[in-house]
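Note sheet for the following structure.
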Amino acid sequence: MAEHDLAWVPGRFGRPHGTPGLRVHELTDVALASIVARRGQATAAATAAERSFGCRLPDRARVELGHDIAFLWVGPGQWLAVTGLATTDLESRLAGPFAGVAAVVDQSGGRVMLELEGPRVRDVLAKGFSIDLDPRVFTAGRVAATLVAHLHVQLWQVDDAPRYRILVVRTYFASFWRWLGSSAAEFGGEVLESRRYVHTAPAAATQSCP
Amino acid sequence: MSDPSQSARLAAGGLLDRNDVRRFRFDGREFLGYAGDTLASALVANGVRLLGRSFKYHRPRGLLSAGPEEPNALVELRTGARREPNTRATGIELYDGLEAASQNRWPSLHFDVNAVNGLFSSIFVAGFYYKTFMWPASFWEKVYEPLIRRAAGLGKPPLEPDPDQYDKAWLHCDVLVIGGGPTGLAAALAAARAGARVVIADEDFVLGGRALAERLTIDDKPSARWAHDVVAELRSMPDVRVMPRTTVFGAYDGMYGAVERVNDHVAQPPDFEPRQRVWRIVARQAVLAAGAIERPLTFGDNDRPGVMLAGAVRSYLNRFAVRPGRRAVVFTDNDDGWSTAADLLVAGADVAAVVDARNPETVRELARQWPGVESIAGVVTRAHGGHGVREVEVRTHARATHRIPCDLLATSGGWTPTLHLTSHRGARPRFDATRAMFVPGDVAAGLIVAGAANGEFALADALESGHRAGVTAAAAVGCTRAVPAPPAGERESTRGESLWRVRNCRGKSFVDFQNDVTTTDVELAEREGFRSVEHLKRYTTLGMATDQGKTSNVTGLALMAERTSRSIEATGVTAFRPPYTPVTMGALAGHHRGRDFRPTRLPPSHAWAARRGAVFMETGPWLRAQWFPQVGDQDWFVPTCREVLAVRTGVGVCDVSTLGKIDVQGPDAGAFLDRLYANVMSSLAVGRVRYGIMLREDGFVMDDGTAARLAPDRFVITTTTAHAVKVYQHMHFCHQVLWPALDVQFVSVTDQWAQYAVAGPRSRELLRRVLDPACDISNAAFPYMAAGPIALRDGQRGRLFRISFSGELAYEVAVPARGGEALMEALFEAGRDLGVLPYGLEALNVMRIEKGHMTANELNGQTTAHDLGLERMLSGKKDFVGATLARRAHLVDPARPRLVGLRPIDPRARIAGGMHFVPRGAERIAANDQGHVTSVGYSPSLQQWIGLGLLARGPERHGEHVLACDPLRGTETLVEIGSTVFVDPEGARLRG
Amino acid sequence: MARRYSIFRLVGEALRGHRRWEPAWRDPEPKPSYDVIVVGGGGHGLATAYYLAKNHGLRNVAVLEKGWIGSGNVGRNTTIIRSNYLLPGNIPFYEWSMQLWEGLEQDLNYNSMVSQRGVLNLFHSDSQRDAFVRRGNAMRLHGVDGEFLGRDDVRKLIPMADFDNARFPIRGGLLQRRGGTARHDAVAWGFARAADRLGVDILQNCEVVGIRRERGAVVGVDTTRGFIASRRVGLACAGNTSRVAALAGLRLPIESHVLQAFVSEGLKPLLPCVVTFGAGHFYISQSDKGGLVFGGSIDMYNSYAQRGNLPTVEEVCEEGVALFPCLSRVRVLRSWGGIMDMSMDGSPIIDRTPVDGLYLNAGWCYGGFKATPASGWCFAHLLATDQPYVAATAYRLDRFATGRLIDERGAGAQPNLH
Amino acid sequence: MLIPCPHCGPRTHEEFTYLGDATPRRPDPADPAVETAFFEYAYIRVNPAGPHRELWFHAAGCHAWLVVERDTRTHTITGAAPAGRTESSS
Ligand SMILES: Cc1cc2nc3c(=O)[nH]c(=O)nc-3n(C[C@H](O)[C@H](O)[C@H](O)COP(=O)(O)OP(=O)(O)OC[C@H]3O[C@@H](n4cnc5c(N)ncnc54)[C@H](O)[C@@H]3O)c2cc1C
Ligand SMILES: NC(=O)c1ccc[n+]([C@@H]2O[C@H](COP(=O)([O-])OP(=O)(O)OC[C@H]3O[C@@H](n4cnc5c(N)ncnc54)[C@H](O)[C@@H]3O)[C@@H](O)[C@H]2O)c1
Ligand SMILES: Cc1cc2nc3c(=O)[nH]c(=O)nc-3n(C[C@H](O)[C@H](O)[C@H](O)COP(=O)(O)O)c2cc1C
Ligand SMILES: [Zn+2]
């Protein structure tokens with residue numbers, strides 16, 4: 001079930017014929033937490049992450065994948081931890097490892113995560129994202145916090161298909177969804193059934209820790 | 001006149017698909033044309049010459065050009081909600097079913113009553129209106145202005161909402177090539193071959209520019225063929241994007257603005273497709289290959305339909321295979337005229353003569369080069385023929401005069417490079433005296449001007465220049481792959497001498513056709529002291545029409561230079577501004593119109609509230625429940641009172657998630673908050689909440705809210721809904737810029753938490769039913785202003801705050817937002833027998849007024865802590881933002897309007913926000929104005945209207961009767977001033 | 001000396017082929033010294049010179065303009081005139097200006113097309129309504145006209161606005177019928193011609209590049225046309241005020257920002273009055289020539305570039321189409337920018353400066369066109385008498401220190417928010 | 001305008017909030033002339049036509065306050081660096 005208050009109707013939208021240019025589904029049951037390094041402790045926090053989760057915290061606009069958790073860079077000394085929703089809340093899980101080196105704040109309730117792909121996905125995103133999504137510039141593993149249609153979102157390129165994930169503020173989601181729908185309409189889109197978020201452990205060298 | 005058989009269509013040639021016949025209507029009459037036509041060329045094909053009326057004198061006008069510079073042929077395209085006034089016939093791609101109508105005429109194009117203006121033209125000279133219409137003063141709005149307004153304007157605007165969609169997008173590239181003529185194509189090809197990511201945009205629907213219009217060859221192919229092949233090659237390259245129908249309309253910092261007419265060439269856009277799309281193009285390098293625009297010549301009645309630019313004549317002949325006249329005279333001051341004559345002859349037209357204004361020797365020499373062309377060394381002095389040229393008067397240099405019958409006069413006054421985009425970022429064009437033209441001045445870094453736009457007119461030069469620009473631009477971004485030699489083209493002769501005007505001719509000599517500016521207007525402006533080109537422009541309106549003077553600016557300033565005996569260089573040129581050609585507001589607005597004008601923010605309980613039938617209202621970005629009507633409710637009154645009473649006597653629930661929430665952590669969190677808030681926060685005990693205010697550095701109140709201490713090094717603070725973003729940024733400023741040494745971390749958790757006020761004497765009872773029984777919320781364990789973690793019966797974890805905006809025993813319960821709806825359901829399920837009601841903003845507002853709590857009406861950025869009765873919160877023991885400037889004498893002046901409570905003396909009387917206070921019995925004048933009512937509400941508890949207000953010396957005046965007046969709406973009410981707290985002043989209820 | 005304009009003269013000149021018109025103002029050489037120098041040939045500077053001559057008999061006056069007169073903001077604004085202000089420091093001043101507008105053409109013998117077609121401010125929420133009621137009542141108490149319109153009244157006036165599908169529905173409006181527009185350039189030209197007729201020298205292409213002082217007092221200005229002596233120098237240079245004041249060592253509570261404006265292609269009459277959108281920052285009117293003239297908020301960053309950027313263009317068009325959906329197919333013909341002297345509280349300054357003989361008229365933000373006549377009147381009064389004119393007593397330079405701010409928007413000391 | 005955020009790369013200026021001149025320093029509250037100092041800090045600006053160091057907040061990006069060097073006549077940006085401290089790890 002979708003976790004936002006919008007009718008989530010799987011099926012085609014926009015141009016009804018041909019291959020849909022965009023396929024989109026929601027990733028549900030995502031656990032998120034902000035991590036903010038204490039003063040002067042960013043490196044210590046990165047080390048703490050490596051010790052407990054198998055990867056360092058990224059020091060630039062990328063994602064690092066740990067054993068069962070992903071860390072998205074959001075700003076200097078700030079990250080977003082992403083993993084599947086489990087029984088223990090993420091904030092408590094991170095609190096120990098980051099004690100004394102970073103503040104941890106649960107954000108699991110505040111965002112909706114979408115996953116997007118399809119032959120025209122870049123064209124759809126170009127209607128709102130000001131950053132250059134050309135495969136030579138923005139590659140798998142890159143993340144960006146940016147502005148789309150007057151909204152703040154986070155973009156995460158998962159692979160070279162390309163597959164993207166977008167985190168949208170929950171209370172603004174309805175507006176984002178309208179923008180996405182109208183932007184994809186000319187290429188045709190397909191809403192797929194929502195799926196549970198499942199962490200993919202690092203496979204290729206590109207995304208693992210150095 | 002019109003002939004559906006396309007009588008002026010040449011039997012062969014042109015870039016047309018003659019199998020694709022398109023039907024269209026102009027002024028109600030049906031015609032045929034072909035795919036590949038513009039409306040203009042199709043009308044030429046059908047022998048239609050009269051297309052419009054001029055702005056001021058309503059002179060009959062036909063086509064002057066074949067491009068975006070067209071000043072005359074503006075039509076209303078399409079009908080109804082899709083009506084599009086002032087559309088240039090030369091830019092309309094012919095589609096099947098097209099409908100267009102002439103404009104600015106009544107009752108018809110052929111018989112236009114307002115043409116009488118022409119009779120008074122000797123009065124209607126430049127700026128005449130500044131000298132008259134002043135008496136009597138009252139006549140301006142009543143008589144003169146309505147007359148002027150009706151007469152002015154061109155097309156009729158649509159009145160209904162536009163049914164089409166618009167789109168916007170970003171585009172990134174290494175090299176943007178603006179213009180797809182020979183220069184642009186050569187540049188794009190070179191840059192792409194060098195390995196760059198290239199975008200080439202052209203506003204035309206076929207790329208090729210003048211290559212489509214001339215009988216020239218490039219690389220041994222007819223030039224149009226060459227253009228076609230190059231485009232095909234470019235399209236086949238993966239890193240090239242070819243964008244026809246795309247005008248780069250502006251050069252801005254860091255980006256170019258372009259508009260793509262995605263679906264203007266069809267009757268209406270296919271489903272799901274936008275009509276137009278605005279692109280923001282981020283290009284590391286750009287090549288401006290925008291070509292050049294030909295200038296008309298200035299002589300008597302040079303605006304007659306059938307007087308056409310020579311280059312346009314060639315476009316019509318060669319690209320569109322239509323003959324704009326059967327018998328032509330060519331009038332020129334450069335070599336272009338001669339090739340025009342040749343093209344006319346090839347197309348089977350008669351060329352009565354080429355009239356060349358240059359000296360007889362030059363003309364004789366050219367005559368030898370162009371055998372078979374009749375020539376005259378002289379000038380055309382006047383064109384005759386009301387709705388179309390019939391004959392022209394010619395004066396030879398030997399002062400002989402002739403009249404030559406003709407139906408087409410092709411004129412060429414030389415070419416002006418299309419420099420517009422070089423000027424958008426502030427650079428001014430430079431006058432090149434030797435070549436007698438404006439060329440690019442100090443162009444912004446990253447922009448290369450090439451080809452005709454750079455004054456390199458001959459085809460061979462243009463190709464070479466484009467090629468060079470492409471190579472240079474690519475190299476500048478590090479793409480240096482070897483590139484083959486530039487395409488080879490002819491080097492046609494571009495010699496000429498500028499003839500700015502023909503002297504001593506009768507009739508009107510137009511400089512700006514659309515705005516009816518003549519040579520006499522320029523003279524008058526000079527005589528009256530409007531000698532700066534910018535004054536000339538504004539006084540005569542030269543260059544201010546929809547074509548922005550593309551054909552007229554240079555002539556106008558040259559005439560001014562001549563009159564003032566200055567050089568053209570010293571005279572200067574008026575500023576070019578975006579857009580290069582007019583752009584629809586719809587395209588610039590894109591998706592953000594109607595309901596999508598701005599994003600809408602929905603609180604976690606929105607869907608739940610919608611199902612309960614809530615009435616919503618816009619508060620900033622949020623849509624919030626205002627009240628919850630029940631069957632039989634007429635308006636807001638009954639539901640609001642019901643909701644207030646529910647809270648005051650039982651229990652109510654309200655979604656307050658819109659408050660800003662910020663999680664603040666770190667060893668210095670307390671110290672940090674002490675600098676942010678005017679009062680002290682570091683002394684707050686864990687598990688407790690405190691109210692606080694923040695000032696701006698200028699000492700005025702910025703915001704208020706609460707801070708709850710969750711742990712020694714962790715707080716969660718709230719801000720008002722309106723100021724959430726501002727406060728968050730301010731905190732980052734304080735942290736990163738002012739006090740970076742503090743070890744504090746904070747993040748916004750506004751969206752993380754659904755937060756509901758559960759208020760009323762039975763709120764504890766209700767909460768107990770949803771909380772895990774292990775949570776002790778008894779008064780002893782969880783007193784007023786307590787805060788702490790909780791667990792719900794369903795296992796969710798959350799937080800509870802014992803704070804009260806309503807003044808009742810109340811809590812705010814917070815859970816992660818995804819559980820917000822479930823919590824709302826649970827509360828209403830559990831509270832059914834308690835009569836729990838949801839309450840909306842109206843009830844919330846009434847109750848906060850009853851308790852004297854403030855919102856944005858009071859915290860309006862103009863009030864100080866003293867004004868609001870919060871002076872005791874300004875700590876004297878520490879520095880905080882605003883501490884110093886809040887002490888300025890005027891900010892603590894007791895005479896300032898300060899917060900009071902008020903209620904009408906007559907309990908049935910109404911009061912309203914925005915009423916002003918005057919002393920009882922005093923005159924209702926400004927001198928007696930003592931403040932205003934900030935908030936009002938109907939208090940069901942007191943059964944009367946109550947309010948808050950800012951009254952001069954207010955706190956000293958409790959008990960006084962003051963008049964609250966509303967002269968704007970003609971009401972006034974005597975009110976009693978008193979405490980701001982109306983209900984439970986001791987605060988017993990909230991502590992209970 | 002220039003002769004009066006009238007319809008009779010116009011017809012008479014027409015019969016003579018318009019060959020006898022004289023220059024609207026002379027083009028004199030600078031004299032070595034003047035009693036008063038006004039720096040800035042915009043609306044305010046020219047009006048100041050006119051009233052110095054007319055009200056105070058000071059005719060040995062020069063207006064120094066670095067370019068051509070009217071090249072600044074007076075020639076690039078959206079021409080809205082109104083006196084619907086909120087605060088007591090402002091209302092009397094703007095109302096005085098309104099009254100001067102009402103007799104301006106006859107006074108100047110120049111038709112500057114003052115058009116009292118009305119200014120309608122829309123509101124979209126209850127609190128906005130209350131704020132407008134507060135303002136309307138302040139106006140009425142000052143004797144200024146204002147009317148409260150409900151949604152239906154608004155609909156009658158501007159039926160093509162979005163009443164059905166708006167993100168921020170229109171709930172009503174505040175109408176000042178005496179407000180309206182005036183033809184920007186003609187205001188500058190009319191004051192220039194009238195001042196010139198009274199003997200004022202208008203010196204174009206005469207940029208002030210230095211302010212000479214002796215013993216702390218002004219003795220004259222260095223210009224691109226040489227030194228010109230005067231013991232009284234008034235600055236009326238709008239967006240350039242900080243630069244010119246810096247020549248005398250002053251730093252001011254002013255930032256320069258760019259504001260863009262837009263005009264559409266000419267259209268047959270569509271809008272009956274000036275309309276402002278309350279759910280954003282957008283204002284629009286239709287010029288007598290038919291173009292829709294509109295604008296929004298400033299570009300938000302300090303600038304002297306006299307041009308703006310694309311995001312603001314788009315934002316303004318979003319607002320325009322949101323308010324009037326039919327404008328979607330209307331095309332923007334031209335956009336441009338002006339540099340405004342944004343003051344720290346959003347209100348103007350007409351005052352002496354710490355430098356003897358140097359006077360300041362500045363801080364008009366993007367609302368100084370409507371102020372032109374009163375600004376000139378009050379500044380002339382100050383320059384001639386050394387005393388503030390009654391309607392402008394609040395516009396003191398020291399108010400930032402004392403806290404007697406005039407902050408209509410409550411935005412605080414951040415100019416780009418005013 | 002594209003602001004070269006040192007953390008995020010070039011971004012359209014719409015992602016940022018502008019505050020203004022970055023040169024004024026918040027006075028020390030212990031300054032004997034504290035009122036004048038704060039008055040100047042809050043209200044007085046040099047407002048140069050030319051190079052300007054100014055504060056921008058990357059609101060839609062990394063949430064860093066930046067000092068951007070920009071020419072107010074041409075809008076040419078010559079640099080952007082974090083305001084105050086560089087990074088929490090430093
Ligand atoms: C786009 C825009 C829209 C606006 N809309 C409105 C509106 O609708 N209503 C309204 O009331 N106001 C509006 N304004 C504001 C209004 O235009 C200005 O506040 C007002 O014109 C400023 O006064 P001024 O006319 O004297 O300024 P300006 O015309 O700018 O005059 C100042 C003059 O000083 C000259 N100068 C500068 N430095 C020197 C020097 N060193 N030496 C000599 N001369 C110098 C300049 O060249 C300039 O001509 C708008 C402004 C803009 C830019
Ligand atoms: N005989 C002469 O004196 C003379 C003078 C000038 C030009 N020419 C001829 O003109 C040609 C010059 O080639 P060129 O490529 O420099 O010019 P061009 O006129 O052939 O091409 C310019 C192209 O730029 C496009 N364009 C202009 N502004 C644009 C904008 N803002 N956005 C998008 N597209 C835009 C136009 O639609 C056009 O297709 C040569 O063929 C030359 O023979 C001859
Ligand atoms: C109220 C008003 C109406 C205008 N109408 C037009 C117009 O119809 N056509 C036009 O080309 N420019 C129009 N302009 C803009 C001017 O051409 C010019 O851009 C503006 O005065 C700024 O000067 P600049 O562009 O030379 O810097 C108008 C300007 C104003 C202030
Ligand atoms: Zn950033």
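When reading the values below, keep in mind they use all heavy atoms of this one structure, side chains included, and skip hydrogens, waters and symmetry mates. Here is the naming used below: chain letters follow the sequence lines, and residue numbers restart at 1 for every chain.
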What part of C:D126 gets closer than 4.5 Å to chain B, counting heavy atoms only: side chain, backbone, both or neither?
side chain
Any sub-3.5 Å donor-acceptor pair from B:H535's side-chain atoms to C:I69's backbone N or O?
yes
Determine whether a donor-acceptor pair (N or O, by modelled atom type, separation under 3.5 Å) exists between the side chain of C:R409 and the backbone of B:Q862.
no
Donor + acceptor pair across side chains of C:R331, B:T87 (<3.5 Å)
yes
For C:P311, is it the side chain, the backbone, both, or neither that has a heavy atom closer than 4.5 Å to a heavy atom of chain B?
both
Over 60° means perpendicular and under 30° means parallel, so classify the ring planes of C:F277 and B:F597, tilted if in between.
tilted
Measure C:A131 against the heavy atoms of chain B and call it side chain, backbone, both or neither at under 4.5 Å.
neither
Contact check, side chains of C:R329 and B:D164, non-hydrogen atoms, under 4.5 Å
yes
Indicate yes or no: at least one non-hydrogen side-chain atom of B:Y256 is less than 4.5 angstrom from one of C:L310.
no
Under 4.5 Å heavy-atom distance to chain B, tell me which part of C:V263 shows up: side chain, backbone, both or neither.
neither
Salt-bridge test for C:R117 and B:E145: reply yes if a basic N is under 4.0 Å from a carboxylate O, no otherwise.
yes
Check ion pair B:E528-C:R193 (N to O, under 4.0 angstrom):
no
If we define contacts as heavy-atom pairs under 4.5 Å, which of B:V933, B:D162, B:T619, B:V125 has the most with chain C?
B:D162
If you tally heavy-atom pairs under 4.5 Å against chain C, which of B:R82, B:M255, B:E697 wins?
B:R82
Quick one: what part of C:D288 sits under 4.5 Å from any heavy atom of chain B, side chain, backbone, both or neither?
both
Taking C-beta and beyond as the side chain, do B:M544 and C:K289 meet within less than 4.5 Å on heavy atoms?
yes
Proximal component of C:L271, with respect to chain B [non-hydrogen, under 4.5 Å]:
backbone
Has C:R167 got a side-chain atom pairing as donor or acceptor with B:P599's backbone, closer than 3.5 angstrom?
yes
Under 4.5 Å from any heavy atom of chain B, what part of C:L10 do you find: side chain, backbone, both or neither?
side chain
Could you look at C:A305 and say if it's the side chain, the backbone, both or neither that has a heavy atom under 4.5 Å from chain B?
neither
By the definition side chain to side chain contact (heavy atoms under 4.5 Å, CB included), identify the one residue from B:L968, B:N860, B:T934 that meets it with C:R134.
B:N860
Does any heavy atom of chain B fall under 4.5 Å from the side chain of C:R16, the backbone, both, or neither of them?
neither
Is there a donor-acceptor contact under 3.5 Å linking the side chains of B:R888 and C:T402?
no
Under a 3.5 Å distance rule, please check whether C:N111 uses its side chain to pair with a backbone N or O of B:T132 as donor and acceptor.
yes
Could you verify whether a donor N or O on one side chain and an acceptor N or O on the other, from C:R183 and B:Y130, lie under 3.5 Å apart?
yes
Are the side chain of C:W21 and the backbone N or O of B:L524 linked by a donor-acceptor pair below 3.5 Å?
no
B:N86 side chain to C:G266 backbone, donor-acceptor under 3.5 Å
yes
Check whether C:E314 gets within reach of chain B through its side chain, its backbone, both or neither, counting any heavy atom under 4.5 Å.
both
Can we say B:D966 and C:R140 salt-bridge, meaning some charged N sits less than 4.0 Å from an Asp/Glu carboxylate O?
no
Counting only non-hydrogen atoms closer than 4.5 Å, does C:D162 touch chain B with its backbone (N, CA, C, O), its side chain (CB onward), both, or neither?
side chain
Would you check if the side chain of C:N137 reaches a backbone N or O of B:G914 as a donor-acceptor pair within less than 3.5 Å?
yes
May I ask you to say whether C:E319 pairs ionically with B:R593, meaning some side-chain N is under 4.0 Å from a carboxylate O?
no
Quick one: what part of C:F8 sits under 4.5 Å from any heavy atom of chain B, side chain, backbone, both or neither?
neither
With side chains defined as the heavy atoms from C-beta onward, is the minimum distance between C:M113 and B:F133 less than 4.5 Å?
no
Can you tell me if C:K268 and B:N104 form a side-chain donor-acceptor pair at under 3.5 Å?
yes
Test item: side-chain donor near acceptor, C:S335 and B:R577, under 3.5 Å:
no
Side chain, backbone, both or neither: which part of C:L174 has a heavy atom under 4.5 Å from chain B?
side chain
For C:Q286, is it the side chain, the backbone, both, or neither that has a heavy atom closer than 4.5 Å to a heavy atom of chain B?
both
Can the ring centroids of C:W25 and B:F530 be said to lie less than 6.0 angstrom from one another?
yes
